[in-house]
Amino acid sequence: MTAAVEARVLARAGWRGGLKKGDSANVKKYDLLLQCCGKGKALAEGKEIHEDIVRSGVKLDLRLGNRLIIMYNQCDDMADARRVFNKMSERNVISWTALIAGYARCGNSHNAVKLFGRMEQEGLKPD
């Protein structure tokens, strides 16, 4: 079984496994499932999990926001990575560098450099 197939199976099993609203372990579960989706380039499953996060009412905190950016980056979906970034009320150096690295990896050096400048203007130093 390839890594992508394994990621899809794990993501589906965990997601369909009944994450309950208000369950304090949800953030950890979502984090793990999104990691699997990113590593396995399982974009469809990652988007379903993202939709479930929104529907469930789980707060999109810094940890989950960063994980979503990284997952979308790994799945080559920079438009959704940027949408998540733009909706985040709080960002840290991980948020910024994940998005910048994604743009650079996808060959969009213009946006990478532009975003790097914005990050510096906001007083953050690259890690």
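Values below: every heavy atom of this structure, side chains too, minus hydrogens, waters and symmetry copies.
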Student check: side-chain heavy atoms of [X] and [Y] closer than 4.5 Å:
{"X": "L62", "Y": "M88", "result": "yes"}
{"X": "R83", "Y": "N86", "result": "no"}
{"X": "N108", "Y": "M78", "result": "no"}
{"X": "L60", "Y": "L68", "result": "yes"}
{"X": "H50", "Y": "V84", "result": "yes"}

Working for side chain to side chain contact (heavy atoms under 4.5 Å, CB included), residues K47 and L43: CA-CA 6 Å; K47 284 185 176 214; L43 180 60; 3.8 Å; yes
Non-neighbouring partners of R105 that pass side-chain hydrogen bond (donor to acceptor under 3.5 Å, both in side chains), sequence neighbours left out: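 With sequence neighbours excluded, R105 shows a side-chain hydrogen bond (donor to acceptor under 3.5 Å, both in side chains) to N73, D76, given in chain and number order.
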M71 to C37 - nearest heavy-atom pair and separation: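 That closest heavy-atom pairing would be CG-CB, 4.0 Å.
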To the nearest 0.5 Å, tell me how far [X] [atom1] sits from [Y] [atom2].
{"X": "C75", "Y": "L34", "atom1": "SG", "atom2": "CG", "value": "9.5 Å"}
{"X": "Y103", "Y": "H110", "atom1": "OH", "atom2": "NE2", "value": "10.0 Å"}
{"X": "E120", "Y": "L115", "atom1": "CD", "atom2": "CG", "value": "11.0 Å"}

Aromatic centroids of F116 and W96 separated by under 6.0 Å: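 No: the rings miss the under 6.0 Å criterion.
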Face-on cation placement of R67 at Y30 ring, 6.0 Å and 45° thresholds: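 No, R67 does not lie over the aromatic ring of Y30.
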Among M119, R91, R118, the one residue meeting side chain to side chain contact (heavy atoms under 4.5 Å, CB included) with L124: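 Result for side chain to side chain contact (heavy atoms under 4.5 Å, CB included) with L124: M119.
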Carboxylate-amine/guanidinium contact D31 K28, below 4.0 Å: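 Answer for the salt bridge query: no.
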A98: side chain to side chain contact (heavy atoms under 4.5 Å, CB included) partners, not counting sequence neighbours: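 By the side chain to side chain contact (heavy atoms under 4.5 Å, CB included) rule, A98 matches I69, I70.
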Test side chain to side chain contact (heavy atoms under 4.5 Å, CB included) applied to V93 and K125, step by step: CA-CA 7 Å; V93 72; K125 302 262 187 234; over 6 Å; no
Counterpart residues, salt bridge (Lys or Arg N to Asp or Glu O under 4.0 Å), relative to D61 (two or more places apart):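 So D61 forms no salt bridge (Lys or Arg N to Asp or Glu O under 4.0 Å) with any residue.
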